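The structure appears below as structure tokens.
On a predicted model such as this, the values are computed, not experimentally measured, just so you know. Below, chain A is the first sequence line, B the second, and so on; all start at residue 1.
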Number of protein chains: 2
Amino acid sequence: MRLTVHDIARVANVSQATVSKVLNNYSGVKESTRKKVTDAIEELKFTPDSVARSMVTNKTNTLGLIVGDISNPFFAESAKIIIGKAQEKGYDVIISNTDHDDENLENAIQTLISKRVDGIIISSISRSSMRIKKLHENGFPIVLYNSRVEGDSSNSVVLDNYRGAVLAVDHLVGLGHQNIAFIAGPTKYLTTYERYLGYREALEKHGLVLNTDHVYDGEYDYRKVYDFSYNLLSSPDRPTSFFATSDQMALAVMDAAASRKISIPQELSVVGFDNMSISANAYIGLTTVSQQKENMAELALKKLISLIEKTESDALSIQLSLKPELIVRKTTSAPNKK
Amino acid sequence: MRLTVHDIARVANVSQATVSKVLNNYSGVKESTRKKVTDAIEELKFTPDSVARSMVTNKTNTLGLIVGDISNPFFAESAKIIIGKAQEKGYDVIISNTDHDDENLENAIQTLISKRVDGIIISSISRSSMRIKKLHENGFPIVLYNSRVEGDSSNSVVLDNYRGAVLAVDHLVGLGHQNIAFIAGPTKYLTTYERYLGYREALEKHGLVLNTDHVYDGEYDYRKVYDFSYNLLSSPDRPTSFFATSDQMALAVMDAAASRKISIPQELSVVGFDNMSISANAYIGLTTVSQQKENMAELALKKLISLIEKTESDALSIQLSLKPELIVRKTTSAPNKK
DNA sequence: AATGTTATAGAATACGTATTCGAAACAATT
DNA sequence: AATTGTTTCGAATACGTATTCTATAACATT
């Protein structure tokens with residue numbers, strides 16, 4: 001049995017409207033009656049019903065966050081920042097996990113909207129999604145995080161993925177590597193696709209030829225990447241280095257290498273992408289391209305809030321590209337001379 | 001400008017009530033009119049407003065999940081399971097991150113309840129919390145995950161933490177270790193407290209004395225645990241092994257060992273707790289006590305749903321304790337003989 | 001004291017849906 | 001044709017709050 005404003009009104013001996021006014025800090029209410037009301041609220045420990053409130057204000061103070069896989073530390077760490085900043089601004093966040101499935105994403109958007117969330121941050125969306133364009137045209141507050149859709153001008157915050165991949169390849173080539181395998185991940189994502197382009201063109205720049213047998217462009221599945229790497233490491237044309245498009249997948253590569261008793265970095269160099277916090281662990285020490293998730297997450301959230309609260313001219317949407325940074329640790333070195 | 005049932009009613013040439021009835025699959029509506037309505041819904045792409053719906057049904061189909069730190073893989077992986085299962089049952093979940101702060105937790109509960117979530121799973125709560133008792137007495141659907149409150153009989157799903165700690169110590173002693181440091185974590189949590197008891201009594205059982213200088217009972221802070229370990233590893237009475245109450249903290253220990261150029265497991269054995277998925281990585285290979293998060297998370301969610309939907313006699317609440325399992329990998333071995 | 005002015009409180013309404021209950025339409029039975 | 005029984009539909013209402021607009025009380029001014 002919930003308490004309502006009417007209960008407070010009765011106890012404070014005022015009308016329901018007045019209670020509502022003190023709840024919302026209206027100016028036109030005498031100090032003495034305000035006190036009567038706050039006392040009653042205090043005494044009965046009343047908290048207003050957000051649902052009813054949303055009903056009339058048309059605001060839920062709830063955001064949606066759609067991620068491909070919340071158990072991936074990159075997403076989890078991003079989510080933590082987003083949740084924290086959202087909380088500061090008075091918003092809660094509903095997290096939807098899509099398992100990188102487009103239909104799940106579609107449904108997630110649907111239910112979030114029917115729940116009237118005030119805005120959505122989407123972090124894993126195919127570069128060809130039609131849905132986003134429509135939402136964007138409708139003026140629904142939406143920000144893409146670490147992803148972007150081709151031909152769409154929705155607000156987005158991403159890393160300069162192309163540059164990031166180039167940095168990684170430059171680093172490996174600089175160390176003397178000529179045979180660089182690539183764990184691309186699903187190229188349906190624009191981010192991974194851009195990294196792929198970066199990889200390809202960086203190879204070209206250095207006069208190296210692309211060997212598609214050395215490129216994995218399947219799902220972000222630990223086991224599959226492990227198997228791919230294991231097999232490749234058993235082949236006669238074994239690469240001297242791997243560049244993986246996510247730290248998690250880099251770990252899968254390292255896992256496979258460990259199983260094959262191939263030591264890192266002496267016999268194999270590995271570069272990741274994300275710089276998830278565990279990668280900094282001295283015991284792991286993964287060389288990686290930093291996503292700057294703190295900045296990205298904060299920027300994405302701020303942008304979303306400003307769209308919702310219309311604190312800035314939302315006429316033009318912004319596509320932010322942050323500068324990547326290569327963090328060299330201990331999984332890369334010059335290859336063995338033969 | 002949202003569509004409402006009234007718009008559908010107008011187009012289908014029926015009353016609003018009828019539209020509502022077909023939306024909720026009422027029996028008493030003729031097939032022909034049902035079709036008129038569904039056609040209109042189809043045509044206008046109408047989706048009912050969940051907020052208004054919640055207003056009258058008193059259900060939000062939303063759950064709250066309160067965690068201490070979503071970036072901790074144990075929580076993130078648990079959250080993934082909970083979110084997935086919830087989605088299957090038609091629920092979304094709002095995640096609150098407390099940073100292990102009691103006041104934040106208090107606020108999180110407050111706002112979740114004012115948002116009328118149908119139930120809450122709490123995963124990090126002090127063993128002395130008064131708040132939970134009240135909620136439980138009020139009959140609010142709540143399940144404690146990986147935590148429990150002293151003197152409270154709320155529904156809970158935990159590991160047998162005491163046994164888990166004993167398993168770890170037994171393993172280390174069995175290998176020949178006599179000097180076992182302990183990273184306890186905050187003992188305000190019943191789970192960590194129980195692990196502490198397990199550690200203490202297992203030592204006693206083996207005739208070893210407890211050295212409080214070798215016990216860390218501060219926050220779950222990577223840096224602090226790193227420093228503690230680093231210092232301890234520099235002391236003359238350096239332990240031959242560490243038992244950490246979380247895999248993340250075990251990694252901090254390993255990190256410190258790596259910095260001190262102490263090799264694992266030759267010079268130092270480390271046992272964790274949680275079995276987060278990355279611990280299985282061959283490159284890391286952390287020996288640990290498995291939390292069985294898949295089971296725990298699924299059980300917790302099922303219990304919560306059944307509380308909400310009253311599918312079972314909720315008269316008696318259940319305190320589930322799962323059996324822990326020690327997973328031996330490559331961070332433990334016999335200590336060096338002097 | 002009468003008038004005008006302002007500060008304050010409350011009545012009424014809206015938000016979008018679910019649900020009850022009575023009315024109407026129809027079918028079946030005599 | 002009259003009666004009864006059965007479907008089917010819609011009017012009315014409730015959910016808990018915010019907000020507008022009007023009425024009144026309080027006060028100031030002359």
Please determine if a side-chain N or O atom of Thr18(A) lies less than 4.0 Å away from the OP1 or OP2 oxygen of dA9(C).
no
Identify whether any heavy atom of Val51(B) sits under 4.0 Å from a base atom; if not, whether one sits that close to sugar-phosphate; answer base, sugar-phosphate or nothing.
nothing
Whole angstroms only, please: what is the CG-P distance between Asn24(B) and dT17(C)?
11 Å
Nearest-angstrom distance from the residue atom NE2 of His6(A) to C1' of dC15(D):
11 Å
Does the base of dA18(D) carry an N or O that pairs as donor and acceptor with the side chain of Gln16(A) under 3.5 Å?
yes
Assert: residue with more 5' nearest nucleotide on DNA chain D, out of Val5(A) and Ser15(B), is Ser15(B)
Ring-plane angle category for His100(B) and Phe75(B), please: parallel below 30°, perpendicular beyond 60°, tilted otherwise.
tilted
Of the candidates dC15(C), dT19(D), dA18(C), the side chain of Val56(A) sits closest to dC15(C)
Keeping the roles fixed (side chain from Asp118(B), backbone from Asn61(B)), state whether a donor-acceptor pair exists under 3.5 Å.
yes
Looking across every strand, which nucleic acid part, if any, lies under 4.0 Å from Ser20(B) by heavy atom: base, sugar-phosphate, or nothing?
base
Just how far, in rounded Å, is P of dA9(C) from NZ of Lys21(A)?
8 Å
Separation of dC15(C) atom C1' from Arg53(A) atom CZ, nearest Å, is 15 Å
If you count every heavy atom of other residues, nucleotides or ligands that lies below 6.0 Å from Glu103(B) atom CD, does the total exceed 12?
no
Could you give the distance from CD1 (Ile121(A)) to CG (Asn146(A)), rounded to the nearest 0.5 Å?
12.0 Å
Lys59(B) NZ to dA18(C) P: how many Å, rounded?
14 Å
Starting at CG of Asn61(B) and ending at P of dA18(C), how long is that distance when rounded to a whole Å?
12 Å
Spacing of Asp49(B) atom CG relative to dA18(C) atom C1', expressed in whole Å
13 Å
Of Val37(B), Ile8(B), Asp7(B), the residue whose pairing with Phe46(B) passes side-chain contact (heavy atoms from CB on, under 4.5 Å)
Ile8(B)
Using a 3.5 Å distance criterion without hydrogens, assess whether the side chain of Thr62(B) forms a donor-acceptor pair with backbone atoms of Val93(B).
no
Side chain of Met55(B) (C-beta onward), nearest among dT19(D), dT17(C), dG16(D):
dG16(D)
Calculate the interatomic distance between Tyr26(A) atom OH and dT17(D) atom C1'; express it in whole Å.
11 Å
Could you go through Arg53(A) and Asp49(A), starting from their C-alpha distance and side-chain angles, then the distance that decides it, and tell me whether this counts as salt bridge (Lys or Arg N to Asp or Glu O under 4.0 Å)?
CA-CA 6 Å; Arg53(A) 192 170 254 186; Asp49(A) 182 327; over 6 Å; no
If you compare all heavy atoms of Ser78(B) against all heavy atoms of Tyr145(B), which two are closest, and at what distance to 0.1 Å?
OG-OH, 2.7 Å
Looking across every strand, which nucleic acid part, if any, lies under 4.0 Å from Val14(A) by heavy atom: base, sugar-phosphate, or nothing?
sugar-phosphate
Any base atoms under 4.0 Å from Arg34(A), or only sugar-phosphate, or nothing? Heavy atoms, all strands.
nothing
Tell me what Asn58(A) touches on the nucleic acid: a base, only sugar-phosphate, or nothing, going by heavy atoms under 4.0 Å.
nothing
Closest to the Ala17(B) side chain: dT17(C), dT19(C), dA12(C)?
dT19(C)
Under 3.5 Å between N/O atoms: give me all the protein pairs with nucleotides 4-8 of chain D, atom names plus distance.
none

